[in-house]
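One structure is given below, encoded as structure tokens.
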Amino acid sequence: MVVTVVALGAVGVLAGAGLQGNLVYYKTTSELVADPGLAGQRLRLGGLVMASSVSRGPDGVRFTLTDGVQEVRVVNSEQPRGVFQEGQGALVEGVLGADGVFRSDLLLVKHDNTYRPPDGDGNSQAEIRP
Amino acid sequence: MTAPLHPPRSTPADRTLTAATAAASLVALVLALVVAPPDAVQGQAQRLMYVHVPAAWLAYACFATVLVASVAYLLTRDLRWDRRAQAAGELGVGMTALAIALGSIWGRPVWGTWWVWDPRLITTVVLLLVYAGYLSVRGLGDDRGTGARRAAAVGIIGFVNVPIVHFSVVWWRTLHQPATVLSPDQAVLDGRMAAALLAAVVAFTLAGWLVVRRRIRQLALLDAEPAVADPEPARPLVVTAKPQP
């Protein structure tokens, strides 16, 4: 019974904190821009990689993240892994500098829930829209 | 530990189920590896969907079975329901672990990491721990009935975790993508990919059914056997001082 109560309590705390928005896995670019208090804090930032914003150099990879409203320039110290590309989601962990550039050392790819064949695949394009 | 178990004799229903499982698996393999195209963004790694998603689905189905069988056990106090719950719980834990492992392997090439502590992954680990606890709590009671009763309580309350895991990608921001099938929003899945996924889900479900049926019969044999007396009762450990030379 103790196990049950503890498990239930932990689940409750997790659900409650989530509903209040205290547990946010990443900030959006709009949230980061809107809250000056976040500058200088280490946090995760998520958004879409803007088209033709990616450039790779010896100091890592530079690109712009957007949520469609606000844009934030990002410099990631390492070359990206995963299926990083323009137009797809990405998540970076780092600090927003006073110059408005977000410097990160961890870059993850957040892909969406659509699955389609590569362009030029001439087969059926039947799509399921539940 | 216990006397060796004779494998239960297979019935015509078993053979039909085995043949259906084999056929569904073959269809799923061909659809997943040959017919379905690679994903435009994720490439070949996306094919892991055809094992990761069915493993997670089968885990959900197992825990739903645990819920129903646990309620039935508490109402009837019939150990047949407890054995059904235990067999489903064991497979559910295995499938949860498999879904986590396959998800991790999928995450490395696509996300760029084996693991993140995002809400979907955290809640799935909690799910695994709760049902591992469900299996271990059965052994803690003084007798068979006590263990079964406590396990039933955990099996019923623990099911709360299943919707939390499933909707974690909707309720919270996660790195994990939301569901495509059984999803509240509009998602796109290529027709051939959907066919492969459906066939794989059917194959996993049939295979799981087969495994659980056999395990239930094995557990029934265990319950039917008279308790084996411990040949040598445990004695208290006596520590004596070693005489100094």
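Proteins get letters first, then strands, A, B, ... in listed order; numbering begins at 1 in each. Every heavy atom of this structure was used, including side-chain atoms; hydrogens, water molecules and symmetry mates were not.
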| task | Classify the side-chain pair Tyr115(A)/Gln177(B) by whether it contains a donor and acceptor separated by less than 3.5 Å. | result | yes
| query | For Asp67(A) and Ser30(A), does a side-chain donor sit closer than 3.5 Å to a side-chain acceptor? | reply | yes
| task | Against chain B, label Leu91(A) side chain, backbone, both or neither, depending on which of its atoms sit under 4.5 Å from a heavy atom there. | result | side chain
| Within 45° of the six-membered ring axis of Tyr26(A) and under 6.0 Å from that ring's centre, is NZ or CZ of Arg173(B) located there? | yes
| field | Segment of Gln42(B) engaging chain A (4.5 angstrom heavy-atom cut-off) | value | both
| Which word best sums up how the rings of His52(B) and His176(B) line up, parallel for under 30°, tilted for 30 to 60°, or perpendicular for over 60°? | tilted
| query | What part of Val41(B) is in contact with chain A, defined as an atom under 4.5 angstrom from a non-hydrogen atom: side chain, backbone, both or neither? | reply | both
